[in-house]
Amino acid sequence: MSSRAHPFLAALDRGIVLADGATDTALRVAGWRGRNDTAVLERPDLARALHEAYIAAGARLILTNTFAANRARLALSGLGARVRDANVAAARLARDAREIAGADVFVGGSVGPIGRDLLVGTWSLRDAERAFEEQVGALVEGGVDVLVLESMPSLEEAEAALRAAQRVTSDHPTIVTLDFNADACSPAGEEPEEIARRLDAAGSDVIGVNCGVGPQAALDMLQAMAGIRPRARLAVQPNAGLPRVADGRIIYPSSPEYFADFALRARDLGAAVVGGCCGTTDEHVRAMRAALDRAAAGVERSAHARFAGTPQRDPPALDEPDAPGGARGSLRAALAQRRFVIAVEIDPPRGVNPRKALEGAAALAAAGADAINIGDSPMARVRMSALSLAVQIEREVGIETIIHQTTRDRNLMALQSDMLGAHALGIRTVLALTGDPPPEASRSSPVWDVDSVGFIRVLRRLNEGIDFAGNSIGRPTDFLIAAAANPTAEDVDRELSRVRAKVEAGAHLLMTQPVYEARTLVRFFERLDADELPVLAGVLPLMSSRHAEFIHNELAGVDVPPAVRKRMRDAGEGGAEAGLALAREHVDELRDVPWLSGMYVMPSFGRYEVAAELVRETAAVRERAGSGR
C-alpha cells in the first residue's frame, strides 16, 4: 500500500485490534437457514444485527458477510452475476452498523477462497485471480477500510488473492490468513514458517492463522510464524475448538473464558490482530475484550494455566513390538462371559502405509487387549478407510476389530453397501456414529442422509435380512452394533434422550466418551436405566497440562474435572507419568463398578506404548482375579 500511515496500521502500532467472531454460527442462531453468502441480499437485518452485536461486545474490526461472495460460490445459489450487489451491500451494512453504534471500528472486507472449482481444476488460478479482483473491487466500492483475505487453503491461492487486491487498490491494508489443519500445516501441506516468509515477501501488511483448528494449535502456528521475525504484523483467529454434531446442530466446545486466556497468550506471542472464527460468538469477543483491557490497564492475570507446558512434539518411534498376538475369540463372547473387556483405539494412517498402525495393534494385542477400535477419518481429516485397516489388522495381527463408521461421508446406499462388504470380509462389530462436521479446509460436503440413530436402524435391518427399503439381502448379517454415549455432555438430559433412542433403535453395546470420574459415569447410567446393555468406559490418558486443557476446552462434550487439571499442572514436565498414574487410578475405580463391561482406551498422539502399559497392567489384574474382573 502507499507509504502514508493508514488509520488501521496506526491502530496496530498502538496495540492489539480485536476482531469479531464467526458469521455463519451467529446467523444460524438468529434463524438464517440459507447459504451464508446470500444473507446480505435476503436478510440484511440479520447481517446488520450481527455486526451490531460484535461491536457492542468490543470488537474493533468487523468483517463483512462476504466470505463466500465470489463468482464461483455465489453461482451455487444461482447468484453468480450478483457479486457486486452482494459485496457492496455487505460493506454498507457493516458501515451502517458502525454508524448506529457510533464506535471507532474498522470494516474489513472478507474474501474467502474460490472453493471446489479451483480445487478440481474447473477454474484456473488466473480465473481465480480475476474473481478476486471482481470481489475486492466491489468491497472497495462499498467502503471497507481493510481487505481480509482469509482461510486460504494454499499459498498459491493466497498469493493470487493478494496480487488481485494489490492491483485493485494501494490504499487498503491487507490481512492474509491461511487455514490450517491438525498437522500444523495448510491443507496444501505448507508449514507456518514458509507461509510467513512468502506472504511477508509478497507485501501483506498482516499475516496469520485462522479457522481449521482451535486456540492451542493456532498459538503454536502463530509462534512458528513469529519465529522468522516477519516485517508484517501477525493475526490469529481460531475456531472455538473441534466441533461435533448433536441433534442436527454443530456444537463448538471452547468457552468465552478459555478465549479470554487465549487472547492474552496471543498478545504475549506478538499478535496484532486477535479474534475468532467458526463457533465463536459475541460472548467470546466480550470475554477477550475484558481480558485485553485488564491487561492493558496493568492488572495481572492469575496464570496461563490453560496453556501451560511446552508444545507437543512428534511422539517417539515405537520399538519393534513382540510377535503379533493371536485372536482372542469373539468380542461378543467375552462380553457375555462378563470378562473385563479391553478395547484400544488406533487411528488409520494419513497415507497408504499402515506399518505403524499394524505395529501398534500387535503391541496392544500382546499386552492383552481384546479388540482394536479403528476411527473413521477422525476429526474429519482424510485417512485410510477404517475397513481397510481393520481387515489388515485381523489378518496380520489376529485380534478382533471394531470399525467406526460415520454417516457424514456416505449416503444410505453407500452405508449399506459398505456394511455388506465389511460383513463379507469378516468384520462383525461396528460403532455407529454421526461424525464430526468437515472443516472448511477439507473442501468436502457432509451427507448425513441419516444420523447415528438412523444408522443403527439400518444395521438392525441388515441383521434381520433386509435392507433399509425392505428388500431381502438373503442371509442376514450378524453385526454387534455399538453406539456412543457421553456422560459428561453439557446437556445431560438431551444426551440421555439421545442414548435411549440409540438403544431403542437396536444398539447392543455402549462405548463412552472419555470420563475422568467413575461417579459421573455411574450417575449417568443409573439415570439411563439400561442394565442389560454392556458398557465400555472411555479412558484417555493425559500427556501434559497443556493436553488436559485442550481436551477440556477444545473437544466438544469432554469434561476434565478441576482436580485432574490441577494435578496435571502440578506435575510440570512429569505430565505423561502423572497422566498414566491418573489413568491407572481411574481404571481401578472402574473395575469396582459391578455392571461395567470394560474399558475403551484412546491413546493420544499415537502413543500406543503408553496405552500398552495401561492395558498390560489391567490385563494382569484381570487374570489374577480369575473372575474376569
Side-chain angles (χ1 to χ4, degrees), residues 1 8 19-20 22-24 26-27 32 34-52 54-55 59 61-100 105-118 123 127-152 157-158 160-177 204 210-211 237 275 277 440:
M1 61 171 294
F8 179 70
D20 58 14
T23 300
D24 188 64
L27 287 174
W32 176 247
R35 295 183 66 89
N36 184 23
D37 43 289
T38 66
V40 294
L41 297 174
E42 299 177 36
R43 285 298 304 275
D45 57 318
L46 293 183
R48 184 171 54 244
L50 170 64
H51 295 315
E52 292 171 0
Y54 278 129
I55 293 171
L61 172 62
I62 56 172
L63 271 58
T64 56
N65 184 30
T66 53
F67 176 79
N70 59 58
R71 183 168 292 271
R73 296 177 79 167
L74 282 173
L76 299 175
S77 306
L79 300 173
R82 298 195 65 187
V83 172
R84 178 185 175 277
D85 295 343
N87 285 275
V88 169
R92 289 176 177 167
L93 283 172
R95 289 170 47 217
D96 286 348
R98 176 174 63 187
E99 293 303 314
I100 291 168
V105 173
F106 298 100
V107 174
S110 173
V111 177
I114 295 300
R116 190 170 297 179
D117 283 328
L118 183 60
W123 279 37
D127 293 331
E129 212 163 311
R130 284 193 288 266
F132 287 134
E133 286 185 37
E134 178 183 31
Q135 185 180 5
V136 168
L139 288 168
V140 170
E141 180 185 349
V144 301
D145 305 303
V146 185
L147 293 170
V148 185
L149 317 176
E150 57 174 335
S151 295
M152 295 294 164
E157 190 168 358
L162 182 58
R163 286 193 299 270
Q166 290 168 337
R167 276 198 296 273
V168 171
T169 176
S170 61
D171 293 327
H172 289 71
T174 53
I175 301 173
V176 183
T177 62
S204 184
N210 83 306
C211 202
Q237 294 174 273
C277 201
E440 176 73 24

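For the single chain, residues carry numbers from 1 onward in sequence order. Values below: every heavy atom of this structure, side chains too, minus hydrogens, waters and symmetry copies.
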Subject >> Full working for side chain to side chain contact (heavy atoms under 4.5 Å, CB included) between Leu139 and Thr66 >> reply: CA-CA 9 Å; Leu139 288 168; Thr66 53; 3.9 Å; yes
**OP:** Could you please spell out the steps behind the side chain to side chain contact (heavy atoms under 4.5 Å, CB included) verdict for Leu147 and Val136?
**Re:** CA-CA 8 Å; Leu147 293 170; Val136 168; 3.6 Å; yes
**OP:** Decide yes or no on side chain to side chain contact (heavy atoms under 4.5 Å, CB included) for Thr177 and Leu149, but give the supporting numbers first.
**Re:** CA-CA 6 Å; Thr177 62; Leu149 317 176; over 6 Å; no
Subject >> Evaluation steps, side chain to side chain contact (heavy atoms under 4.5 Å, CB included), between Leu74 and Val83 >> reply: CA-CA 7 Å; Leu74 282 173; Val83 172; 4.0 Å; yes
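Applying the salt bridge (Lys or Arg N to Asp or Glu O under 4.0 Å) test to Glu141 and every residue at least two apart in sequence or in another chain returns Arg84. For Ala158, the side-chain contact (heavy atoms from CB on, under 4.5 Å) criterion is met by Met152, Val176, Leu178, Leu199, not counting sequence neighbours. Scanning for salt bridge (Lys or Arg N to Asp or Glu O under 4.0 Å) contacts around Arg98 gives Asp145, with sequence neighbours left out. Here Asn87 pairs with Gln135 under the side chain to side chain donor-acceptor pair (under 3.5 Å) rule; sequence neighbours left out. With sequence neighbours left out, the side-chain contact (heavy atoms from CB on, under 4.5 Å) criterion links Ala97 to Arg48, His51, Glu52, Ile55. Residues satisfying the salt bridge (Lys or Arg N to Asp or Glu O under 4.0 Å) criterion with Glu129, sequence neighbours excluded, are Arg126, Arg163, Arg167. Under the side-chain contact (heavy atoms from CB on, under 4.5 Å) criterion, Asp24 pairs with Arg28, Asn36, sequence neighbours left out. Residues satisfying the side-chain contact (heavy atoms from CB on, under 4.5 Å) test with Ala59, not counting sequence neighbours, are Asp20, Tyr54, Ile62, Val285. Scanning for side chain to side chain donor-acceptor pair (under 3.5 Å) contacts around Thr23 gives an empty result, with sequence neighbours left out. Checked against side chain to side chain donor-acceptor pair (under 3.5 Å), Asp127 has the following partners two or more places apart in sequence or in another chain: Ser124, Arg130. Every side chain to side chain donor-acceptor pair (under 3.5 Å) that Arg82 has, sequence neighbours left out, goes to Asp85. Partners of Arg43 by salt bridge (Lys or Arg N to Asp or Glu O under 4.0 Å), not counting sequence neighbours, listed by chain and number: Asp45.
Annotation: side chain of Phe106 is not in contact with side chain of Leu63 (no heavy-atom distance under 4.5 Å). In this structure, Asn65 and Leu93 have side chains that are not in contact, with every pair of non-hydrogen atoms separated by 4.5 Å or more. Side-chain contact between Arg71 and Trp123 is present, with at least one heavy-atom pair separated by less than 4.5 Å. Looking only at side-chain heavy atoms (C-beta outward), Glu157 and Phe132 come within less than 4.5 Å of each other. You'll find the side chain of Trp32 reaches within 4.5 Å of the side chain of Thr38, heavy atoms only.
Among all heavy-atom pairs drawn from Ala19 and Gln237, the shortest one is CB-NE2, 3.6 Å. In this structure, Ala86 and Val40 approach most closely via the heavy-atom pair O-CG2, 3.6 Å. Across all non-hydrogen atoms, the minimal contact from Leu61 to Val107 is CD1-C, 4.3 Å. Shortest non-hydrogen contact noted between Val144 and Ala91 is CG1-CB, 3.8 Å. Asn70 and Pro113 make their closest contact through ND2-O, 3.1 Å (heavy atoms, listed as atom of the first residue, atom of the second, distance). In this structure, Asp117 and Ala72 approach most closely via the heavy-atom pair OD2-CB, 3.5 Å.
Side-chain N or O atoms of Arg95 include one that pairs as donor or acceptor with a backbone N or O of Gly142 at under 3.5 Å. Side-chain N or O atoms of Ser77 include none that pairs as donor or acceptor with a backbone N or O of Leu79 at under 3.5 Å.
Between Glu150 and Ser110, the side chains place a donor N or O and an acceptor N or O closer than 3.5 Å (distance only, hydrogens not considered).
Atom CG in Leu162 sits 5.5 Å away from atom OG in Ser204 (nearest 0.5 Å).
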